[in-house]
Protein chains: 2
Amino acid sequence: MEGVPDGSDSDRERLVSSLARVGELGREDRDAIRNLPLVSRDLAKGVDLVRVGERTSQCCFVLDGFLCRYRMLLDGKRQILSLHMPGDLPDLECIHRDAADFSLGTLTPSRVGLIPHRALVDLISANRRIGAVLWRYTLIETAILREWTIGLGRRLAFERCAHLLCELTARMRQAGLATDGSYQLPVTQTDLGDILGLSTIHVNRVLRDLRMAGLAELRGGTVTVLDWQGLVDTSEFDGTYLRLHQPTGSRVQVPIS
Amino acid sequence: MEGVPDGSDSDRERLVSSLARVGELGREDRDAIRNLPLVSRDLAKGVDLVRVGERTSQCCFVLDGFLCRYRMLLDGKRQILSLHMPGDLPDLECIHRDAADFSLGTLTPSRVGLIPHRALVDLISANRRIGAVLWRYTLIETAILREWTIGLGRRLAFERCAHLLCELTARMRQAGLATDGSYQLPVTQTDLGDILGLSTIHVNRVLRDLRMAGLAELRGGTVTVLDWQGLVDTSEFDGTYLRLHQPTGSRVQVPIS
DNA sequence: CGGGCAATTGATTTGAGTCAAGATGCGTGG
DNA sequence: CCACGCATCTTGACTCAAATCAATTGCCCG
């Protein structure tokens with residue numbers, strides 16, 4: 001996790017493959033993406049990249065670590081609005097904004113690549129297909145947010161937490177960060193509470209219950225899925241929302257083992 | 001609310017002005033929007049235009065009435081994910097989807113204009129500015145969803161309900177459907193519960209409390225804002241999220257009286 | 001006039017928050 | 001190498017916001 005002044009080729013390649021997951025890209029499209037200016041930067045835990053009300057001039061591409069969008073209320077309560085892992089573009093939509101209505105910060109030490117808005121806007125103008133892919137990217141994020149909203153409104157803590165674990169497992173596998181049902185998720189129970197709309201203490205109990213039920217385990221920053229089908233059933237998880245298009249020949253769900 | 005076989009000129013004009021609220025449009029842009037094929041249709045209350053998993057071939061533009069996106073859970077619980085009033089494009093993002101991850105239905109008798117996806121996709125390809133405006137449109141909807149998410153996760157029922165009333169008041173005024181602090185909102189308390197993640201009974205009590213507190217009143221399908229500043233204060237409402245751009249010379253908030 | 005949906009109110013239950021107190025682990029500095 | 005301090009995790013006891021259960025009222029419409 002050393003500082004690299006400007007993005008390496010492998011960083012650019014990850015951006016290409018992240019976007020290729022969202023829509024079909026031709027050779028020229030890939031090259032155009034590879035040519036985007038990208039400066040990599042190391043960030044400590046708890047650092048904000050965007051703050052409510054601010055205007056930014058560059059977008060961030062996650063290379064390592066976990067970030068989240070969030071909002072604080074006046075009484076100190078925090079609601080996390082999205083969770084971002086390597087391969088994500090957490091503030092893409094800021095190219096269309098005067099002032100952010102959320103903050104974006106790191107939950108763990110992270111490495112990000114920064115891309116100037118200008119370069120993205122130009123690329124979108126020049127390349128209709130990439131424009132559509134980026135639009136779709138923002139729509140997938142909205143679909144994820146919708147699932148969180150449904151959970152917060154209508155699911156019990158246990159199911160809600162199971163659903164989040166399903167989603168994260170599917171996303172981590174998609175991103176190539178989990179090959180079996182086990183992966184790193186080095187966030188605190190307080191962070192999880194702020195995602196799930198629960199108190200830290202209740203998150204702790206729910207995680208214990210999930211472990212007792214033999215569904216999943218989160219210990220020392222590692223998630224272990226013990227019973228994928230059980231998790232899916234208790235949370236009514238259907239991973240379709242994580243993709244807008246089925247790439248030819250692939251099936252919807254991301255099954256385990 | 002009579003059936004009109006194909007959209008009248010005034011219907012098209014409303015589409016133009018809805019989109020003009022999102023971003024700057026030139027004369028040719030407006031004309032291109034006016035030339036979109038638009039068929040108007042009357043719908044009864046409780047009719048679905050889109051159902052989870054379905055693929056649609058046209059987008060809907062609300063001309064009259066209220067619609068919502070929602071999802072049902074297996075145990076019969078419903079979460080409403082957005083509320084749409086005349087001037088809204090509730091399923092615009094479906095042009096990018098194989099299968100909807102939400103249903104879209106009417107909450108009241110409604111009139112909508114239907115526009116084929118094909119026509120929209122062609123328009124977006126042909127006109128970059130309109131493409132950007134439509135993308136932005138979807139981002140504003142996401143910003144609204146984020147506010148709902150924050151409320152569901154971290155606000156008490158009373159504040160959450162006050163926040164919704166602030167938002168709806170601002171949106172209705174923006175849409176020209178409320179000139180003072182009073183407007184039609186002919187939805188049931190059960191619908192409100194499914195928006196706010198509350199039981200019908202609790203919605204009833206919260207509305208009573210808002211009335212007792214002298215903040216707002218909802219009776220017979222009419223909202224009356226009694227104390228705008230009070231509502232804003234109790235719900236920490238900041239209407240910035242309802243616009244991505246400040247049209248030159250306009251101020252953020254939508255004040256009352 | 002009666003049926004049905006929506007709104008209302010009271011009594012009771014419950015899921016989750018809050019308060020309080022340890023336990024566990026870990027990085028830093030002496 | 002150990003001790004201290006801090007953050008995180010864990011568990012138990014109690015409280016509270018909101019759900020559920022039960023009943024009543026009001027209202028629109030055929």
Side-chain angles (χ1 to χ4, degrees), chain A residues 1 44-46 66 73 75-79 106-109 151-164 184-213 216-224 234-235, chain B residues 44-46 66 73 75-80 106-109 151-164 184-213 216-224 234-235:
Chain A
M1 198 126 55
K45 168 175 155 174
F66 286 85
L73 300 185
D75 61 2
K77 287 194 277 230
R78 176 175 68 157
Q79 179 62 44
T106 55
L107 290 175
T108 68
L152 286 167
R154 291 304 189 200
R155 279 195 254 263
L156 297 179
F158 186 81
E159 311 151 25
R160 202 185 305 167
C161 191
H163 196 277
L164 179 67
Q184 294 303 113
L185 186 72
V187 303
T188 66
Q189 295 184 356
T190 301
D191 296 333
L192 288 176
D194 290 342
I195 292 173
L196 297 168
L198 300 171
S199 67
T200 308
I201 292 168
H202 201 60
V203 168
N204 185 282
R205 295 192 230 265
V206 169
L207 288 175
R208 168 170 51 68
D209 295 345
L210 283 166
R211 198 181 334 119
M212 299 281 95
E217 199 167 17
L218 172 52
R219 293 187 89 79
T222 301
V223 172
T224 310
T234 60
S235 66
Chain B
K45 168 173 157 178
F66 286 86
L73 300 185
D75 61 2
K77 286 194 277 232
R78 175 175 69 157
Q79 178 63 45
I80 291 180
T106 55
L107 289 176
T108 68
L152 287 167
R154 291 303 189 201
R155 279 196 253 263
L156 297 179
F158 186 81
E159 310 152 26
R160 202 185 304 166
C161 191
H163 196 278
L164 180 68
Q184 293 304 113
L185 186 72
V187 303
T188 67
Q189 296 184 357
T190 301
D191 295 333
L192 288 176
D194 290 342
I195 292 173
L196 297 167
L198 301 171
S199 67
T200 308
I201 292 167
H202 201 59
V203 168
N204 185 282
R205 294 191 229 268
V206 168
L207 288 175
R208 168 169 51 68
D209 296 345
L210 283 166
R211 198 181 334 120
M212 298 281 94
E217 200 168 15
L218 171 53
R219 292 188 90 77
T222 301
V223 172
T224 310
T234 60
S235 65

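Atom set for the values below is all heavy atoms of this structure, side chains included, hydrogens, waters and symmetry mates excluded. Here is how names work: the chains are called A, B, and so on, in the same order as the sequence lines, proteins then strands, and each is numbered from 1.
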Task: Interatomic distance, A:H202 atom NE2 to A:F158 atom CZ [nearest 0.5 angstrom] - done: 10.5 Å
- [ ] Using atom CG of A:L218 as one end and atom C1' of D:dT8 as the other, report the distance to the nearest whole Å.
- [x] 12 Å
TODO: Identify whether the distance between the nearest side-chain nitrogen and carboxylate oxygen of B:D191 and B:R78 falls below 4.0 Å.
DONE: yes
- [ ] Tell me whether the OP1 or OP2 atom of C:dA7 has a side-chain N or O from B:N204 closer than 4.0 Å.
- [x] no
Open item on the list: Strictly below 4.0 Å: does A:R205 bring a side-chain N or O up to OP1 or OP2 of D:dT11?
Closed with: no
Open item on the list: How many whole angstroms separate atom CD1 of A:I201 from atom P of D:dA7?
Closed with: 17 Å
Task: Sugar-phosphate, base or nothing in reach of A:L198, heavy atoms under 4.0 Å - done: sugar-phosphate
Task: Distance in angstrom units between A:R154 CZ and C:dA16 C1', rounded - done: 16 Å
Open item on the list: Heavy atoms from C-beta onward define the side chain here; which of D:dT11, C:dT8, C:dT18 lies closest to that of A:R208?
Closed with: D:dT11
Task: Separation of atom NZ in B:K77 from atom C1' in D:dT20, rounded to whole Å - done: 12 Å
Open item on the list: So does A:Q189 get a backbone contact from the side chain of A:T200, meaning a donor-acceptor N/O pair under 3.5 Å?
Closed with: no
TODO: Could you tell me whether the side chain of A:L192 reaches within less than 4.5 Å of the side chain of A:L164, counting heavy atoms only?
DONE: yes
Open item on the list: Set out, in order, the CA-CA distance, both residues' side-chain angles and the distance that settles side-chain contact (heavy atoms from CB on, under 4.5 Å) for B:R160 and B:L198, then state yes or no.
Closed with: CA-CA 10 Å; B:R160 202 185 304 166; B:L198 301 171; 3.6 Å; yes
Task: Short side-chain N/O contact from A:Q189 to OP1 or OP2 of D:dT10, under 4.0 Å - done: yes
Task: Whole-Å distance separating the NE2 atom of A:H202 from the P atom of D:dA13 - done: 17 Å
Open item on the list: Is B:K45 close enough to C:dA6 that one of its side-chain N or O atoms is under 4.0 Å from OP1 or OP2 there?
Closed with: yes
Task: Closest to side chain of B:T188, choosing from C:dA6, D:dA18, C:dC19 - done: C:dA6
- [ ] Would you indicate which nucleotide in C:dA16, D:dT10, D:dC21 comes nearest to any side-chain atom of A:R211?
- [x] D:dT10
Open item on the list: Please report the distance, rounded to the nearest Å, between CG in A:D191 and P in D:dC9.
Closed with: 9 Å
- [ ] Using a 4.0 Å heavy-atom cut-off across all strands, classify A:L156 as base, sugar-phosphate, or nothing.
- [x] sugar-phosphate
Open item on the list: On DNA chain C, does the nearest nucleotide to A:T200 precede the nearest nucleotide to B:T200 from the 5' side, or the other way round? Give the residue.
Closed with: B:T200
Task: A:T106 side chain to A:A44 backbone, donor-acceptor under 3.5 Å - done: yes
Task: Euclidean distance, atom CD of residue A:E217 to atom C1' of D:dC9 [Å, nearest integer] - done: 14 Å
Open item on the list: If you only use heavy atoms from C-beta on, which nucleotide in D:dA18, C:dA16, C:dT9 is closest to the side chain of B:A157?
Closed with: D:dA18
- [ ] Among B:I80, B:T188, B:L107, find the residue that satisfies the side-chain contact (heavy atoms from CB on, under 4.5 Å) test when tested with B:D194.
- [x] B:I80
- [ ] Answer yes if the side chains of A:T222 and A:Q184 hold a donor-acceptor pair under 3.5 Å, and no otherwise.
- [x] yes
- [ ] Have a look at B:G197 and say if it touches a base, only the backbone sugar-phosphate, or nothing, with a 4.0 Å heavy-atom cut-off.
- [x] sugar-phosphate
Task: Member of A:L156, A:D209, A:L207 meeting the side-chain contact (heavy atoms from CB on, under 4.5 Å) criterion with A:C161 - done: A:L207
TODO: Just report the end-to-end axis angle for the helix from C:dC1-D:dG30 to C:dG30-D:dC1, five pairs per end, to 10 degrees.
DONE: 30°
Task: side-chain contact (heavy atoms from CB on, under 4.5 Å) partner of B:Q79, the single match among B:L73, B:L196, B:I195, B:L152 - done: B:L152
Open item on the list: Please encode protein proximity along nucleotides 24-30 of chain D as a string of B, S and -, counting only heavy-atom distances under 4.0 Å.
Closed with: -------
Task: Interatomic distance, A:L207 CG vs D:dT10 C1' [rounded to whole Å] - done: 11 Å
